[in-house]
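Everything below concerns the one structure shown next.
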Amino acid sequence: MSDQKRLFLVDAYALIFRGYYAFIKNPRINSKGLDTSAIMGFMNSLLDVIKRERPDHLAVCFDKGGSESRNEMYAEYKANRDATPEAISLAIPYICKILEAMHVPIMVKEGFEADDVIGTLAKKAEKQGYKTYMVTPDKDFAQLVSENIFMYRPVFGGGYETWGIPEVKAKFEVDDPKQVIDFLGMMGDSSDNIPGLPGVGEKTAKKFIAAYGSMEGLLANTHELKGKMKEKVEAAKELGLLSKELARIMLDVPVEFHEEDFEMSEPDIAGVTEIFEDLEFRRLKDNFLKTFTAEGMASNGTSHGDKPKAEDTASNSKSSVSVSSSANEGKQAGSGQFTLFGGDGEASETAKSFSSRNTINETEHFYQTVQPGMGTKLFLQNLMKQKSVCFDTETTGLNPITAELVGIAFSWEATKGFYVPFPENREEAQSLIETLRPFFEDENIEKIGQNLKYDIKVLAKYNVTVKGKLFDTMLAHYLINPDMRHNMDVLSETYLNYTPVSITELIGKKGKNQKSMREVPIEQQTEYAVEDADITLQLKEHFQNELGEANTQTLFDDIEIPLLRVLADMELEGINLDEDFLRKLSSELENDIKKLETAIYESAGEEFNIASPKQLGDILFDKMKLVDKPKKTKTGQYSTAEDVLSYLAKDHSIIRDVLEYRGLTKLKSTYVDALPTQVEPSTNRVHTDYMQTVAATGRLSSNNPNLQNIPIRTERGREVRKAFIPRDKDHVLLAADYSQIELRIIAALSEEETMIDAFKNGEDIHASTAAKVFGIPISEVTREQRGNAKTVNFGIIYGVSAFGLSNQTDLSRSEAKDLIDTYYETYPKLRKYMSRQVDFARDHGYVQTVLGRRRYLKDINSRNGVVRGAAERNAVNAPIQGSAADIIKIAMINIHKRLSEENFKSKMLLQVHDELVFDAYKPELDKLRPLIKTEMENAYKLAVPLDVEIGEGENWLEAH
DNA sequence: GCGACCTCTTA
DNA sequence: GTAAGAGGTCGCC
């Protein structure tokens with residue numbers, strides 16, 4: 001062990017960005033609406049470094065004002081960086097406050113980048129006999145690595161790696177870390193906007209370094225290069241030298257290294273705690289306290305070695321086989337390393353974790369594999385005594401219709417649980433499930449699970465009905481926090497600070513070599529499956545109380561949970577598809593597409609990929625120059641979007657052909673050819689999967705395949721609907737649509753009598769609107785007037801702007817504005833309602849539907865007008881769209897109940913937001929029609945009557 | 001092979 | 001202007 005002094009220099013912005021983007025899909029928003037992702041990400045990293053390394057000298061380095069010298073060299077330097085996200089700029093003051101309270105030295109030098117400050121300090125410290133660790137993910141720092149200067153680099157997925165000279169040599173294929181400057185200069189860096197040599201990427205740069213050693217070496221020998229590369233490099237010599245200088249980290253920043261300035265001292269525990277509490281960082285606060293408690297500090301005795309630990313991997317589970325899979329009491333991280341936490345025995349740091357979460361390896365647990373025969377009988381006796389049990393099925397795949405049971409995990413007490421493995425033989429499996437049937441069909445035992453719809457469908461295929469009260473943690477969380485994601489891993493990490501065993505550890509990444517759960521050893525199945533059931537059980541405890549707080553208990557009990565069973569039935573039912581019809585349609589489309597292709601190539605004078613917006617844009621606007629100033633997308637390509645092209649269609653036949661080509665290829669690939677591949681062979685039907693927890697407003701979504709976006713608007717697209725047909729000749733397809741449900745809702749909620757009366761009188765609402773807005777009798781309303789009124793009516797629901805309206809109609813911007821103004825004068829209460837929603841959102845941070853389903857709008861008070869505007873439109877739209885979703889959900893539950901209780905043969909098949917589709921048994925039609933109409937129209941009582949239109953036919957198109 | 005981007009389909 | 005899912009291309013690993 002060496003006594004050499006160690007200095008850690010932290011690259012603040014790089015870690016802040018990294019932390020922010022780590023949470024980008026699931027940003028941390030606290031109750032005040034502050035996005036704390038960047039703060040949390042950075043603090044996690046910093047605490048992690050402190051805990052791992054216990055540095056005695058440390059500083060956090062920030063940029064200020066950018067690099068004056070680099071900007072002088074190259075005006076474009078870092079020019080194409082996106083503006084710093086608001087969450088990051090807001091985070092900086094908090095981070096500085098925390099660092100001050102922690103008594104962590106902060107280094108800033110106006111006019112210099114953190115890179116240069118770190119580089120200069122590292123070199124100066126080296127002279128004073130320090131080993132320096134540059135804490136940063138940024139590979140540019142590799143150029144500074146020496147015998148005493150290292151990179152300490154966080155790796156994705158957790159842990160750190162240390163780059164010394166050998167690592168840098170290997171990574172960059174250089175002889176000396178200094179050559180990294182040449183390497184970066186050659187290949188360039190788009191995020192720093194270092195141009196680099198044209199046409200030179202990583203591969204070529206490595207080749208050049210190997211051959212010439214440096215940028216100068218290369219430029220002096222360009223005569224040895226060949227072809228295009230020679231031309232390009234020779235033409236860019238100056239750019240090359242400039243790029244190299246831009247890539248070079250400066251070592252002459254006017255800063256001094258006085259070691260006493262960098263000493264770690266005792267943090268102001270109370271001060272830091274207060275800030276963390278203010279930010280609502282409960283776990284981070286605990287983590288911080290544990291890191292700086294006397295025990296934590298005292299037990300730090302090691303690791304002043306040459307190199308910090310890097311890439312520690314937690315040892316694999318080593319559970320004992322047979323009955324008891326494991327009671328794993330060892331605290332892996334402590335053994336042989338330094339112990340970080342006090343001896344309370346609860347949490348101990350896992351060496352693998354980047355964010356200090358617990359895993360199965362250091363958590364005491366009792367997961368048992370249930371043995372066949374007697375073991376199962378004893379287990380069942382125990383099981384039947386419980387009031388509430390969490391279960392989780394393990395299967396051979398994700399499709400519940402074809403999936404076979406591999407095992408079922410059960411848990412009714414935290415950290416404990418059982419796993420019943422299933423035999424591969426179907427008959428034996430069926431006989432085992434018969435043994436368990438009394439449990440699943442017991443009305444008095446509550447069943448808990450994560451995404452129970454899946455388990456219910458799997459068991460249904462074994463002819464087992466899951467009865468009794470249900471608690472689905474995924475649905476619970478959807479109501480509690482609709483904007484987050486709801487998969488179990490996320491929930492576990494967020495609420496239990498626990499990272500579950502990843503399924504890919506067991507069966508591999510999806511694709512080529514993915515195994516089936518069946519091939520995983522039983523001991524591992526047990527650990528994985530029971531852990532899931534255990535976690536789900538613990539999550540339930542957590543969410544149970546929160547449901548009450550959010551006033552969403554009723555939505556949960558009366559809507560989402562009952563709906564889960566309805567959806568399971570609809571999905572299992574599937575819908576019949578006329579594959580022959582689609583095959584014919586496909587070949588017709590194929591012919592027409594070929595013809596258009598030929599015509600387009602002819603007009604363009606060359607063949608190209610019409611489906612590539614990039615190629616198409618170049619042909620239309622660069623080659624053919626159809627427009628003087630083509631519109632561009634945000635990535636700088638020419639936009640070839642529909643609205644842009646249709647504007648040009650009247651003047652150019654090629655545009656008309658392209659638009660038609662697009663329409664037809666889309667139709668063919670997305671629907672006509674794709675749908676037949678989604679027919680399930682075992683049922684000969686198409687089974688969509690409804691997602692109950694993805695839409696922020698409370699709507700369902702549909703996928704694999706998506707049956708909620710089957711074409712209807714265009715004549716050719718509509719044909720696809722003819723492929724959806726009844727079960728057999730004794731059935732017809734029946735479609736029931738809510739008419740104008742969203743407009744009725746806004747009329748009712750705003751109490752706008754004029755509009756309410758129009759609905760009550762059964763008027764054509766768009767014509768009625770036109771009559772009132774234009775001040776004419778309803779009989780004199782023209783098609784165009786009605787069309788414009790219709791557009792405004794819809795626009796209101798989405799939060800209109802004059803700009804949007806004029807884009808959608810033939811109206812100019814000012815005409816559109818006039819129309820909107822008159823509209824609001826006609827319906828004054830509508831406008832009041834809208835501002836009431838926005839005000840409510842500002843005060844409460846959320847809006848809600850008629851049933852109290854909330855949507856949180858964190859940007860409603862943003863200082864950024866664009867962002868705030870979007871939140872305001874959400875505030876208006878979410879209650880309307882969401883209330884419509886609530887209402888049809890009620891109707892679905894009630895219809896499903898009656899169909900089953902009254903023994904109908906007819907089945908509900910699909911939901912398309914305001915429409916339900918049924919396989920209607922012909923002899924039942926006379927009873928079915930009024931049943932559906934009544935249940936839908938009376939699902940929820942509004943001040944406006946709901947109206948449902950019903951149609952029937954030999955296919956989905958005819959049913960409309 | 002994966003993800004970002006663009007385009008297009010629905011309510 | 002709201003809410004979704006999906007397919008193709010293209011660049012990146």
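Everything quoted here is computed from the prediction, not taken from an experiment. Each chain gets a letter, A, B and so on, in the order its sequence line appears, and its residues count up from 1.
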Problem set entry | Selection from B:dT7, C:dA3, B:dA11 that lies nearest to any side-chain heavy atom of A:Asp914 | B:dA11

Exercise. Taking everything shown except A:Lys614 itself, do over 12 heavy atoms lie less than 6.0 Å from its NZ?
Worked result: no

Seminar exercise, completed: Under a 4.0 Å heavy-atom cutoff, the residues of residues 879-888 of chain A touching DNA chain C are A:Gln881

Problem set entry | A:Thr640 and A:Arg662: side chain donor to acceptor below 3.5 Å | yes

Exercise. Taking atom P of B:dC8 as reference, at what distance in whole Å does atom CD of A:Glu660 sit?
Worked result: 14 Å

Exercise. Under a 4.0 Å N-O cut-off, is there an ion pair linking A:Arg842 with A:Glu872?
Worked result: yes

Exercise. Across the strands shown, which category fits A:Ala696 at heavy-atom distances under 4.0 angstrom: base, sugar-phosphate, nothing?
Worked result: sugar-phosphate

Exercise. Separation of A:Leu910 atom CG from B:dA11 atom P, in whole Å?
Worked result: 13 Å

Exercise. Knowing that exactly one of A:Val686, A:Val679, A:Ile725 qualifies, which makes a side-chain contact (heavy atoms from CB on, under 4.5 Å) with A:Ile575?
Worked result: A:Val686

Exercise. Touch check for A:Gln808, heavy atoms < 4.0 angstrom, all strands: base, sugar-phosphate only, or nothing?
Worked result: base

Problem set entry | A:Pro711 side chain, from C-beta outward: closest of B:dT10, B:dT7, B:dA11 | B:dT10

Seminar exercise, completed: Taken in chain and number order and not counting sequence neighbours, the residues that satisfy ring-ring contact (aromatic ring centres under 6.0 Å, His included) with A:His486 are A:His477, A:Tyr478

For this session: Examine C:dA3: is either OP1 or OP2 under 4.0 Å from a nitrogen or oxygen in the side chain of A:Arg855? Give yes or no.
Result: yes

Exercise. Below 4.0 angstrom, N of the basic side chain to O of the carboxylate: do A:Glu719 and A:Lys722 qualify?
Worked result: yes

Exercise. Does anything in residues 876-892 of chain A pair up under salt bridge (charged side-chain N to carboxylate O under 4.0 Å, His left out), and if so which pairs, sequence neighbours excluded?
Worked result: A:Glu560-A:Lys889, A:Arg853-A:Asp886

Exercise. Can you tell me how far the OG1 atom of A:Thr849 sits from the CD1 atom of A:Ile880, to the nearest 0.5 Å?
Worked result: 11.5 Å

Exercise. If you look at every strand shown and take non-hydrogen atoms under 4.0 Å, does A:Val912 touch a base, only sugar-phosphate, or nothing?
Worked result: sugar-phosphate

Problem set entry | Basic-acidic side-chain contact under 4.0 Å: A:Arg656, A:Glu660 | no

Exercise. Is A:Thr697 near enough to C:dT2 that one of its side-chain N or O atoms lies under 4.0 angstrom from OP1 or OP2?
Worked result: no

Exercise. Does A:Asp689 pair with A:Lys453 as a salt bridge, N-O distance under 4.0 Å?
Worked result: yes

For this session: Starting from C1' on B:dC6, measure out to CZ on A:Arg662 and report it in whole angstrom.
Result: 9 Å

For this session: Would you classify A:Leu667 as touching base, sugar-phosphate or nothing, given that sugar-phosphate means primed atoms plus P, OP1 and OP2, and contacts are heavy atoms under 4.0 Å?
Result: nothing

Seminar exercise, completed: A:Glu872 CD to C:dT2 P, in whole Å, measures 12 Å

Exercise. Given B:dT7, B:dT10, C:dA3, which nucleotide is nearest the side-chain atoms of A:Asn877?
Worked result: C:dA3

Problem set entry | Protein-nucleotide distance (A:Ile860, atom CD1; C:dT2, atom P), rounded to Å | 13 Å

Seminar exercise, completed: Sequence neighbours excluded, the answer for side-chain hydrogen bond (donor to acceptor under 3.5 Å, both in side chains) partners of A:Glu606 is A:Lys623

Problem set entry | Residues touching DNA chain C, which here means a heavy atom under 4.0 Å, drawn from residues 787-797 of chain A | A:Thr791, A:Gly795

Exercise. OP1, OP2 of B:dT10 versus side-chain N and O of A:Arg713: anything below 4.0 Å?
Worked result: yes

Problem set entry | For atom CE of A:Met834 and atom P of C:dT2, their distance in whole Å | 12 Å

For this session: Sugar-phosphate means primed atoms, P, OP1 and OP2; the rest is base. With that split, encode nucleotides 5-12 of chain C 5' to 3' as B, S or - using protein heavy atoms under 4.0 Å.
Result: BBSSSSS-

Problem set entry | Value rounded to 0.5 Å, distance of CG in A:Asn793 from CZ in A:Arg786 | 9.5 Å

Exercise. Between A:Lys631 (NZ) and B:dC6 (P), how many Å, whole number?
Worked result: 11 Å

For this session: Using only side-chain N and O atoms of A:Arg699, determine if any of them is under 4.0 Å from OP1 or OP2 of B:dA11.
Result: no

For this session: Using a strict cut-off of less than 4.0 Å between a Lys/Arg side-chain nitrogen and an Asp/Glu carboxylate oxygen, indicate whether A:Arg699 and A:Glu742 qualify as a salt bridge.
Result: yes

Exercise. Could you state the CD-C1' distance from A:Glu719 to B:dT10, rounded to the nearest angstrom?
Worked result: 18 Å

